[in-house]
Each structure stands twice: as structure tokens, then as C-alpha cells.
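These numbers come from the heavy atoms of this one structure, side chains and all, not from hydrogens, waters or symmetry mates. The chains referred to below are lettered A, B, ... by the order of the sequence lines, with proteins before strands, and numbering in each begins at 1.
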Amino acid sequence: MSEQQIKIQLPDGSIREVAPGTTPYDIAMSISPRLAAAVVVARIKPLTPVTATTDAGEEENSEAAMYGGQETGERVVDLSAPLTEDVALELLKESDEAALKVVRHSAAHVMATAILELFPETKLGHGPATDQGFFYDVYRETPFSETDLAAIEAKMAEVVARDEKFVREEESREKGLSDYSAQGEFMKVHFIERFTKPGDEISLYKNGGFTDFCRGPHVPSTGRVKAFKVTSVAGAYWLGDEKNQQLQRVYGTAFFNAKDLDAHFKRLEEIKARDHRVLGKQLDLFSIQEVAGAGLIFWHPKGGLIRKTMEDWMRDECIRRGYEMVYTPHIMRRELWKISGHEGFYGQNMYPPMELDDAEYRLKPMNCPGHILIYKNSPKSYRDLPQRYAELGNVYRYERSGTMHGLLRVRGFTQDDAHIFCMPEQIESEIAACVEFADEVLKAFGFAEFKVELSTWDPKDQKSYVGSPEHWETAVGSLKKVLDAKGIPYREIPGEAAFYGPKIDIKLVDVLGRLWQLSTVQFDFNLPQRFELEYTGEDGEKHRPVMVHRALFGSVERFFGVLIEHYAGAFPMWLAPVQVGLVPISSDKHLDYARAVKAKLEAAGLRVELDERNDPMKAKIRDFAVQKIPFVLIMGDKEAASEAVSVRTRGKGDEGSVALTAFVERAKALVASRGVGL
RNA sequence: GCCGAUGUAGCUCAGCUGGUAGAGCAACUGAUUCGUAAUCAGUAGGUCAGCGGUUCAAAUCCGCUCAUCGGCUCCA
């Protein structure tokens, strides 16, 4: 058999016949030595369908999953990996995204090499590539300091300079286990036990004196890790469980060249410049104050104005779509939370009870029970359904102290919450309407793209959920049916559902391509039962309604935070707290005209600010520009004489003088269109 | 909650090994009246996050608390 040639298909479709054991590197060399020097790793895909999975790789093996495609047998391998069967071969150069992940993973090995040379007592966890770079989880009594990180980075440069080859070796699982146990490498032992089974050969990668249990692949040698940086260190729990010991997660990033590395840090700076916490301060939109408490938001006048605009839009849209606006109390008796089940299932996230004369009260973490009480307050007939109650409801949730983050993760927030009570046969059309509404919300606020996740329960952990398996099955079924009918692609995530039912989560994609969880449409078959909700059917009998719980902004605070970052504070005209800034060229001569212009603009419903200071015109223009005001109108002798304004548009600059009436029309039209551009 | 870092004027920050706080911008006052991103000068502004300790002396050293930042975890 060994004499038999194997077929290698190249991307252009051509086929080469080579001896088994030939490596991708050999093939690259045979094409051109320059190609061989440029390639990093190879992607192979068996030409004949795979019959069995090649290895014990479990799905949880994230490092394996990263290089994915087990179904097709497609995988990324070392250039030095001997080819043993007919495959389609793709030689991946540095520009390939898969190659980037490989070099980052190799960088993690380089970092581990450096760490062990400097701090030999350190025990290793794992070191995967991430979207941003890589990390290595390690255990060491003393935490690494900033200087340690600098030393690690310097040592890494030495390891790279040594240009050590990454060599793959295999040995028996038993030997690996006993060696690692002897060295006290408890984490490596765990990984071997978890990702391999008795009798397997395990793979090790060596570079110089460093060996790591690793699935690979790697770049050919450490010298290929050309541009890297150790960025930070943070705590992480072993296996993500806070009951376990705390590891140190040392973060870094790596690229094939310094240019990409620089671009990466430039992008981080751009993200920082868009940070809603930074812009919130600069543009005076909101604050969080230590005396008041963490995670509690103060909306300043300008942020408040944007919020009002968002809320007005949302309320109008709800009413147009057949919802009715309701209001429910912020605190309610503890008894209610016992009935709803929140006391048991959600208690640890609720603020503790307040003792009053008559009973204990708790702040609401959700609006559902309030809406249910409204439903229950009068008998309902099938003719009344669906009932759609909407509320911009303030809820309070106890978030752990280390978890707050600007507007994105807070303790008190406003949900644009609604609950739909309907008959089972109405459920699919109601969910479909919710999904359409969510789509409309995202479009209206300028987000073009979104991703959908369907969260279902974990059947192995039934005690964490309420409802019978049949309930879950039908509920998940109707959510899927709606998504399928609309042709919306989605990812199903078992175990991610709320305790009371499955849900559709919609994550929007912002201008920088980041994902944000906002809209959610949740099925709830728990509360109707607990509150014994019913309606009288056509048959005169009592029936139980079905309940849908949905929030589209999700949280007004979070949505606002994402909006700030999406627009980098340069809000479209309809949302801008100040739409027009007025600059009189001379604050003596032109002030009267400027005031008259202001009055006219305000009469047209525009939000205007007039800078009356005795400062030079340029300074006033600059101040308005820094505040990212859409239009700045400059007025001097020429304008005053002809009822005109000189228009300076954000992002465009000086557009010259136009008649005041013409500008008013333009501005009004822009606001009415809710357009993003100016 | 956990690991690490940070907290100085409204904002951005400086303040070495302890000797009693400083700049730029903003604010205020005055001068300037200007054609598309920072006019000039002056004035005022700080319990150095809070509490406690060490010391003749603490922004600085130590402890605790609070908050923020980067992560873990969790979620709207």
C-alpha cells in the first residue's frame, strides 16, 4: 500500500500524485521556494467523504472547534504534517484569517515558553487564539506585575529570535498523564483527561526546551511570530467556575507584521474614542455618581432629550402596532414575587425586601407581574385577545459589584417591555409581529445588520427550568417556525433560555462590526399558570392564554449606550440634542439678527443653541464642532442684510450662504425623514 | 463577588526617594468685534475618593471602605 501514490488537489483544480508522507511544505517547495517561505499552514479536506471522525475531539474542545469543520473532515494542519490520503490542499499564506489564528496560538506558546523560563514555578492552563489576539491561563501564587509583563514580552522576543522549530510529537496518553502529574501540571492533566480517551495517542508540540500538550497546528517556527505584544493580565477562574482557584490570564496579541499590529492598536484607539462613557462625559449626556451608587444613571438634559425622542418614537410605534401603554408600580409586595416565582428563581438578582407596616415589599426586577395583574383585573374573552400591554418600565436588578459597565450593564434601567396575552393559535403571528417590530426598531435607529439566536433549554438540567418537556418542545417549535417562515438565519443555543421559556435574541451589529444583545422575544408558559390566567373561549369554557414577553430596545440605557458608540456621538438630526448652533460673527453687531434667527428656528420646532459669548467666531465654531452639532449657522453683515445664514455642516464644512427659509425647510425635512446623513 | 490596576480643580493630567498642591482647557471679569475648528490679559476654583493608622510632618507609607478601569462570571 505504501507505494501507492496519493492524490493532492490544488485550489486551481490540478491534481498532483505524490508519495504518502509528503508534507504540504514539500508541495509548496515543488511549486516555488518563495511560496514555501510565504505559507504558514495548510488546510486540507479529504477528497473522499469521511467515514468516521478522525479523532476523539469533543465539541467542547474549543481549540479543535476553532479550526472546525469536522463534518467535512476539513482541517488546518502544520506544513510539516505528512499527508496520508487523497486531499484537497490549500496553502494558507499570512493574509488568511485561519493563518492569523494559528500564529496567535503559536504566540501563546512563545509566551508560555517565556513565562516558564522566567517563572519556572508557573503551571500552565491553556492558551487559545481569540478574535483580538491570544491569552494563556496560568497558575502562579504571586500575580504578575506590569514589570513582569514587560519582562515576559522581552523574553518572548528572545524566543522569537531563536527561531525554534515547532515540532509535533505523539506519545501515549498514559505517558503524558504520568509525566504531567509528576510535574504537578494539574490543568494539563485535566485537559488530557477531558479531550482524549484511554488508548489514544496525544500530541505534543515542542519548541526549544518547551513542550505543550496541544492539538496544533502551529506556524513552522517561533521566528514566524513577528509582531506581538503582551497587553494585560487579568483574573480568570479555572474552568470558568468561581469556586475554583483563580488563574492569571495573560493577554497578548500577535500579527504577521508590524503594520497590522499598529492598525490593531489604532482600531482600539478608535473604539476608545467612541466609548459611550467617554462621549457621555464630553457631550454631557449622562453621569454615574458615586454618592448615588454604582450602576445608577443620571440622564443630563442632552441625554434626556435623546431619550425622550427614543421613547416618543417607541410609544407611537407601539400604539400604531396595537399595543396599549400601561404603567405599573416600582415596588410591590413580596407576596406577588412569590406567586410569580421570581422570589425563588430570580431572588438573588433582586434588591432585598423593604419592611413596611403591612408587609414586605420588593423593587421590581421585571414588569411581567404588573402587566399580569392588569390582565387579571377583569374577565377576558377570546374576543379581547390578543391583549398587548406595553410599558417603559423601570426595573432594578442587583448586579455584582465588578460587573457594571457604563450604560451597558447597570442596576437600574428602563425596559421597553411588553407582554402579549393571546390564544395558542395566535402565538405564531404575534411572535412574527414582534420579530418584524424588532427589525423596524433597528432600521429606524440606523442599524443595518443583526444576528439572531434561539435560546432553548438544557434538557439535562430540567430542574433549572419551569414547564414540562412538552411545553418546551411546542414553544421552541413555534419560535423556529416563525424564524424559518421569515427566512431569518439563526443559531440555536441550548441551555441559554430563561427559566420560564425559550427566547429569540436579536443582536445588532454596529458600525465597527461589534455585536450587541438588545432585543429579545421570549415565550412564557410559566406565569399564565402561576397566576391562573384565563379567558372565556367561543365554547364558553375557560382556557389558559399564552404569554409573550418582549423588549426591543432591551434597555433604554443600553440601547442609548450602543447608539452613542454607533454614531460616535454624532447623532442624526432627529436625535441630536442640539440640532443647530448659531454663531454671530460679531457679538455686538450681529447678536440681534442671531436672536431673530434663533426664534424663527425654534418656531419651526428645531433645537437651537446661540453662542452669545464675546469670543472670536472661530472659537465658537470649534466649540459647536466638538459637541458634534449637525449644523452651525454663521451670521454676519451679509446674512443680516438678506435674511440668510451661512451653513456649516458636520463632516462637510462650509456650504456657503442660503436663505434662512431654505435652511429651515432643509432641517425640518431631515428631522422628519429620520435620516442618518445630513 | 473574585484577580489586577486606578482615584489630585468641572474636564484632561503633572506632582522623584514623605516637608503641607500645579498646568492646559472650561468658568468668571476686562479688553478685543473678528468671515468658517481654539484672541489676549486677569480672577476665582482643590476636605488630593472616604475613614482610620504610622510619623515632628502624609496627595505621597500602611490598613479598611467606596467608586472606576481591564478581565472572570452574569445578563437587558
Can you tell me how far [atom1] in [N] sits from the matching atom in [M], rounded to whole Å?
| N | M | atom1 | result |
| --- | --- | --- | --- |
| B:C56 | B:C16 | P | 23 Å |
| B:U65 | B:C72 | P | 24 Å |
| B:A59 | B:A21 | P | 8 Å |
| B:C40 | B:G45 | P | 24 Å |
| B:G19 | B:G30 | P | 41 Å |
| B:U32 | B:G18 | C1' | 48 Å |

Nearest-Å distance, [atom1] ([X]) to [atom2] ([N])?
| X | N | atom1 | atom2 | result |
| --- | --- | --- | --- | --- |
| A:L633 | B:G35 | CG | P | 18 Å |
| A:N614 | B:U33 | CG | P | 11 Å |
| A:H405 | B:A67 | NE2 | P | 17 Å |
| A:H276 | B:U68 | NE2 | C1' | 13 Å |
| A:L518 | B:C75 | CG | C1' | 12 Å |
| A:Y398 | B:C75 | OH | P | 15 Å |
| A:Q132 | B:C72 | CD | C1' | 17 Å |
| A:K243 | B:C2 | NZ | P | 15 Å |

Counting the atoms with a prime plus P, OP1 and OP2 as sugar-phosphate, which does [X] contact under 4.0 Å by heavy atoms, base, sugar-phosphate, or nothing?
| X | answer |
| --- | --- |
| A:A294 | sugar-phosphate |
| A:G235 | base |
| A:D241 | nothing |
| A:Q348 | nothing |
| A:G293 | nothing |
| A:R613 | sugar-phosphate |
| A:P143 | sugar-phosphate |
| A:Q517 | sugar-phosphate |
| A:F144 | nothing |
| A:K652 | nothing |

Ignoring hydrogens and angles, are the base of [N] and the side chain of [X] linked by a donor-acceptor pair under 3.5 Å?
| X | N | value |
| --- | --- | --- |
| A:E399 | B:A76 | yes |
| A:E639 | B:G35 | yes |
| A:R400 | B:C2 | no |
| A:T403 | B:U73 | no |
| A:Y237 | B:G1 | yes |

>> For RNA chain B, please output the secondary structure as dot-bracket, reading 5' to 3'. Pairs are Watson-Crick or G-U wobble, both atom distances under 3.5 Å; mark crossing pairs with [ ], other-strand partners with |, unpaired with a dot.
In response: (((((((..((((.....[..)))).(((((.......))))).....(((((..]....))))))))))))....

>> Pick the closest RNA chain B nucleotide for A:G402 and for A:D275 by heavy atoms, then say which residue is nearer the 5' end.
In response: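 Here A:G402 is the residue nearer the 5' end.
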
Could you go over nucleotides 10-14 of chain B and give all protein N or O partners under 3.5 Å, atom names and distances?
from  : atom 1 : to     : atom 2 : distance (Å)
B:U12 : OP1    : A:K281 : NZ     : 3.4

> Cut-off 3.5 Å, side chains only: do A:Q415 and A:S555 have a donor facing an acceptor?
Replying inline: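 No, because no side-chain N or O of A:Q415 sits under 3.5 Å from a partner of the opposite role on A:S555.
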
Please list, for nucleotides 43-52 of chain B, all pairs of protein and nucleotide N/O atoms separated by less than 3.5 Å.
none

